Amino acid sequence: MIGSPDLVAFTKEDEYSQTNPDPWALPEEFSVPLHPLADSNPWAKTSYAKFTKDFILISEFSEQVGPQPLLTIPNDPKVCGTFDLNYFSLRIMSVDYQASFVGHPPGSGYPRLSFVEDSRVVLGDSKEGAFAYVHHLTLYDLEARGFVRPFCMAYVSADERKIMLQFQELSLRFSQASECLKAGNRRAFAKELQRKLRDLEYTHSVLQREEGLQREAGPQCMYSAHAVEKANELANVEKSIYEHRDLLRQISSYHHRPRRDPHAVTCQKCMSECLSECEELLDKYAKLASPFSHINTEEGQGKVDNGGEEEVEEEDDEAVKRRPSYTPQLIKAKSAKCFDKRLKNLQELCDETFYEATVDLLKETEKSFRGDLCYLHTRRLDRALRRKQRVTDFLFEEDLGDDEEEEGGSLRPFCAVNHAADNYTLLKPPPIVLGPEPLELDTLLPPDPLDPASETSHVLDGELGLGERHLDSSPSDQTLETQGSSEGTKGSFSSDKSGTGQAEKQQSVASLKSDPPDPDSDLTPDHNTDLERESSSEEMETTAGEDEGDDGGDQTPVSLLEVVSELEASREDECEGGTDGACEMESDLLVPIDTACCMAQEGFLYEASSREVAPHLGKSSSTQPSQTLVVNQEPQALLPIQDDYTVGSPCSERPAAGLELPVGPLGDAVSRASLEDGSDCTMSGSTGSDRAASPLGYGGVMTLRQRKKAGQGALRFVRQYPFAMPALWCLLSGRTLVVLGADEGRVRRLVAALALFVPAPGRCGERVQAWLSCAFTLTDLQRWKLIGLQRVASPVGSSMLYSLSRYSRYISILDADQKTLRCPPYRGQLLANIADHRTYIRRGSTYFLHIQSTLSRLAAKAFLFTFTHHLHLPVSSAEGPEVVEGRRRCFLQEQLGLGEEDSRVLLYLSQLITQHYLQPTGSSAAAPCFSFNYTTSVLYKI
Amino acid sequence: MFRWMLGGREAQSSAEKNPVLCIGEDQPKNCFTELQVLKGHFDIVRFLVQIDDFRCASAGDDGLVLVWNIETGERLQELRGHSQQITAITSFTCNNGLTSHTGLITASSDRSLSLWDPDTGNRVQTISDLQSSVKCLLVLERLCVWLSGGEELCVWNKDFQLHCHRQNHSDTGITALIELPKNCIAAAMDKEIVIYRLTVSTDSSVSVAEIRCLSNHQDQIRALIGVNDGLFASGSHAGELILWDAIDWNILAYEHILWEESHASAQAEIRLAAPKPSEMSIQHLSTNGKLILAAVGSGLYVYSVQTRTVVAYRKVAHDSNVLHTMLLSDSELMSCSEDGSVRMWEIQDLPLPAEPASPGFFGLWTFGRSNKQTGPPSKKIVDVPNSRTLELTGDLIGHSGAVQMFVSFKENGLVTCSTDHLLILWKNGERQSNLRSLALFQKLEENGGL
């Protein structure tokens, strides 16, 4: 409703330089820029996109064939058009900055699972006209190299700003999907391990038997070549068993690991279930460890084969096929080429249920992000505003939906198997890691489960040695740099989760304060200018010279921008400088990026504002702590980011850096105070309100369509029936309207159209009964304000008509067949606006918005009327009730200009507001009241 | 009015055929513009008892007694215990010093009597396995005893101890009990009124003695009320209304209400040729001390005690039998009927003596037609200038079954109970709206703003 044109058109208040802000101005988060920048062509960006609308792409970096697209949502070839998915998959997979460590070091005892956090990157391909939010994740696969399979999910859009501004919510949604996939994957992986272990045990027992037979058969003191081979084989199997048990332990320790990712919230119940499953398995296979009594004798030979361990793994893996039953199978040590095997697909990698749930979640995500940025933005403004209008918004607004979820924060875990909401827990910020744990070189032990992922990788680094490390950490950087230097038109934007979020905020606020004439800048994704300048200035002394690679990349203006993800950063830091590794991590988060590095056609848009902003930032450093507090007080919107930020920032002065608000000479105390009480005031209605309004389940698209359809029906009704006005008046004044007709479809359509006008229709439209074919009673009239009634020519019908005539004083009757309306006469002008049958409005959606705007105006009047003290209570004790009554009438007639009938609408709305305010839940033990008037009815004919 | 909807079929609403009674939907004098439907009973609700200013108890054929808050419409208590329908209910106030506590006494067809505490919902006392079911109850607060009437008359004290009881000769039993001066009570038994005297002996035991039997009614007595200290009245099934002296039990006035054969042709088509006995049966009597309002068949009849004349009447006040009436003031009255409506009337002066069809004639034809008429002196009212009339000022339509009874709580509203298992609480919408506004600003103040 707020989105209706006449409400938002004049909301922008640009006078930030005024020290005396207008107290009547709308809060900043509700403002909408009046017009985009003059020189930016709104169609320019999307014109060369080769796909028609946004979609979600899931890709995999297959170890066999390289990056390949797996799935698009919606799964419709038309959506992608001529867009080259293969090429784009290559692009998005090439910016994978997860700390995905592939393989296991030859020196270490057992292969390790790498626990890595997802990484989030925004990437642009201007040639293709495509921009993407890319979410990388890693799934475990026993058959894959290093047991990991890198995947990514990307939200591909032609509008870069859309992605930038929706980044937080995209990140949240995709994190949920990712968590869901990973949860399913862990289950599947544990099952796979279980199978493998069985096979290994079986093989082991068979081999042992064979070896025993050989020993008995062969000469005692010498081993035949065959016997040696058998013994090696046996040793390999034993080792393999150890390894797999260790893997099982690792996967079951997954949950003990603190998560660094604030969005990574998993369903507690799922987690505990999975955990118990794993532990059960662990117990089971721990007992089977005993048969290796002769392990010492075989040890030396086992070590010989250490180098070829991978091979053995693959041989083993190769033999394991998916079997319905768990009959153990003999694993043959037969080497196979890795390209022969068929890798599991995504469904197999995750549980089927989890996969389905993820796809559903992504579908929903895709749906909720449909429409252009302006639409999304308006919708969020609408919701944000309505959240403050609890007193009246029940009247005509559609239900906001899962309010409680939103209130509770956006961290509600998504659960694939729909565990009840009781397991809902807010994620605690993980413990701050101050330094690396003492190295566990005794690698027989599993990694400390309480260590964050960086610890794991750190340990691995220690074992790997330098060469190895460069191998696994540098490719992404190299790719980036080469891309950056070679392809000037392509850019992947810096988009570290926290860094960007803060930077955006900062930038938007800064630009609002400093750059009023640029109305677009608050919606502009910033390229971290101010933040980076600031952070680099702070961080330079600590990191000087250490971060050669990164710094170099940043200082030279290349067109490709990248902020390395936290994990990547921390890993590098830890190996380069042990003590201040954590700080390094932060500095990497805030890698300076020059505005000039932005995409060529984008750069000039932001330069001006960012230049101006920069000076203010310098002055603001003294007020950092207080600013942090301010932001901290914001209820739900910023907490995730806040957590995120503090999580990764062990140094005390750092947390403030990203959160600071520029307190320039332009900002003053008054506006600041006004900012504080607003929920999301640091954002100029862009990212902040987005995040605040990030719902889990937008049912909005469907219902909106339905309501637009109803708007079409209402428009048709208004144009078709000259007595539409009294009919609408009846509904709005609380008189039950009965739509009588023989044709169910027609009656239902009419009811659906008219339901738009029923005040307080209830969450699910409880006050509307679309089709009734029996006689109704007074209770029904009390419950329903709009009834579709079947006209039947039978005894049933006569009793129904009897009830119609009996209760005729309480109802208005719209005869859909004979096109008559029987209701009290209406002479008012209040509804002439929306019930004009010569209206020029032709489209249902337009009319819907028109209705909404009129109704919201009515609701506002009713609110004013209800809560104006002197209209209901005597001002002085000398006044009698007549005086108050007279004043009330005077207010309605003179100030609101309402006639007798029109006043009734307002009185009814006011009554609803009063009742709703007194009993917000409506869960009173008392029966609801039913008010009516004794007035004669007239019959309107067409 | 609804012919357009009925598609040419004949309208079945009899109100439509009786244009005099069709007040229409414009009722400026009707202040009941808000209602609440109170659900809770599972069967016909027959009785309503006012407990105090804001509470009311309802009882009916489902054996349930429900206590309601009239201000909010909440159900306060649910008194369960009777297994069969409730036949009589009355409130019982004990004054012990400063505090007075009101209890409820109920009688049921399961031949039990119970005393309830409406505050807690507890059954304080109960007596079961009576010889017969009790049909009426009478509380004598002065003596701190109460009486139950049925096939026997029992006197109980407030602790539910039986003082004495008398077997009756009549097989119909006592249908009504009223209190008379000098510790006397009158009991209606079939066609007779029996006067008993209660004697309280020194050890505060009570004994009952029959003093007199008044058998002047020709038919079963349907209603018995005390009018004031010196008068009581009874009405019979045959339409006889007798005014008695409460001290020496003489007949002061005798009215035989017999609606005339209607000579208006339009009504003759509708009415049956001969009036059925139920049409002149006195269903209910109510009084305010000065006027007696009799529900006669489907008509209403207002009788002035002082002048011993008929003040006003309306032969067809409802579409069906009137079940309960009440005098709200000297000029306003209310009636409810089997037709499911409650109607509010006003006694107005006729603008002109030329009443178009002055139908009401009593006594005159009585003597001519019913030859069995005997002794009691009858007063001719033919010559009484019937200068006033009952005008319908409003009606309340909501129940889908017969409205059994109603209780008025003055400005707080009106409670009606019906065979459709519902109670409806009718209120003045404007007043309620003001009250709600008041509550709103109170809450606003408590919350410290929105």
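What you see is a predicted model, and the numbers here were worked out from it, not measured in a lab. A, B, ... follow the sequence lines: proteins, then strands. Residue 1 opens every chain.
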Whatever's closer than 4.5 Å to a heavy atom in chain B on Leu918(A) counts as both
Flag the one option from Thr868(A), Leu871(A), Asn933(A), Val884(A) with the top tally of heavy-atom pairs under 4.5 Å to chain B. Thr868(A)
Do Leu778(A) and Ile424(B) come within less than 4.5 Å of each other through their side chains, counting heavy atoms only? yes
Segment of Asn447(B) engaging chain A (4.5 angstrom heavy-atom cut-off): side chain
Kindly say whether Lys29(B) contributes a backbone atom to a donor-acceptor pair with the side chain of Tyr934(A) at under 3.5 angstrom? no
Which atom pair, heavy atoms only, marks the closest approach of Gln782(A) to Leu35(B)? NE2-O, 4.1 Å
Do other residues, nucleotides or ligands put more than 12 heavy atoms under 6.0 Å from the CD atom of Glu411(B)? yes
May I ask you to decide if the ring planes of Phe932(A) and Trp426(B) are parallel, tilted or perpendicular, using 30° and 60° as cut-offs? perpendicular
Whatever's closer than 4.5 Å to a heavy atom in chain A on Asn434(B) counts as side chain
So for Asp339(B), is it side chain, backbone, both, or neither that comes closer than 4.5 Å to the heavy atoms of chain A? backbone
Nearest non-hydrogen partners of Ser931(A) and Glu34(B), listed with the distance: OG-OE1, 3.3 Å
Contact class of Gln442(B) relative to chain A, heavy atoms under 4.5 angstrom: neither
For Ser803(A), is it the side chain, the backbone, both, or neither that has a heavy atom closer than 4.5 Å to a heavy atom of chain B? neither
List the steps, then state whether side chain to side chain contact (heavy atoms under 4.5 Å, CB included) holds for Lys427(B) with Cys929(A). CA-CA 10 Å; Lys427(B) 290 178 170 178; Cys929(A) 294; 5.8 Å; no
Mind checking whether Thr914(A) and Lys443(B) have side chains closer than 4.5 Å, heavy atoms only? no
Measure across Tyr807(A) and Ser400(B) and return the closest heavy-atom pair with its distance rounded to 0.1 Å. OH-CB, 4.0 Å
Relative to chain B, which segment of Phe867(A) carries a heavy atom at a distance below 4.5 Å: side chain, backbone, both, or neither? both
Tell me, for Ser910(A) versus chain B, whether the close heavy atoms (under 4.5 Å) come from the side chain, the backbone, both or neither. neither
Which bit of Thr777(A) comes within less than 4.5 Å of chain B, counting heavy atoms only: side chain, backbone, both or neither? neither
Is the number of heavy atoms from other residues, nucleotides or ligands within 6.0 Å of CG (Asp53(B)) greater than 12? no
If every non-hydrogen atom of Arg806(A) is compared with every non-hydrogen atom of Ser341(B), which pair is closest and at what distance? NH2-N, 4.3 Å
Before you tell me yes or no, could you show the steps for Phe441(B) and His872(A) under side chain to side chain contact (heavy atoms under 4.5 Å, CB included), namely the whole-Å CA-CA distance, both residues' side-chain angles and the distance that decides it to 0.1 Å? CA-CA 9 Å; Phe441(B) 285 107; His872(A) 303 278; 3.7 Å; yes
To the nearest 0.5 Å, atom OG of Ser433(B) lies from atom CZ of Arg888(A) at 6.0 Å
When every non-hydrogen atom of Ile397(B) is compared with those of Arg809(A), the smallest separation belongs to CD1-NH2, 3.5 Å
dist Glu430(B):CD -> Leu907(A):CG (nearest 0.5 Å) comes out at 9.5 Å
Identify which part of Lys39(B) has an atom lying under 4.5 Å from any heavy atom of chain A, answering side chain, backbone, both or neither. side chain
Residue among Gly429(B), Gly398(B), Ala439(B) with most heavy-atom pairs under 4.5 Å to chain A: Gly398(B)
Pick whichever of Leu425(B), Val37(B), Thr33(B) has the most heavy-atom pairs under 4.5 Å with chain A. Thr33(B)
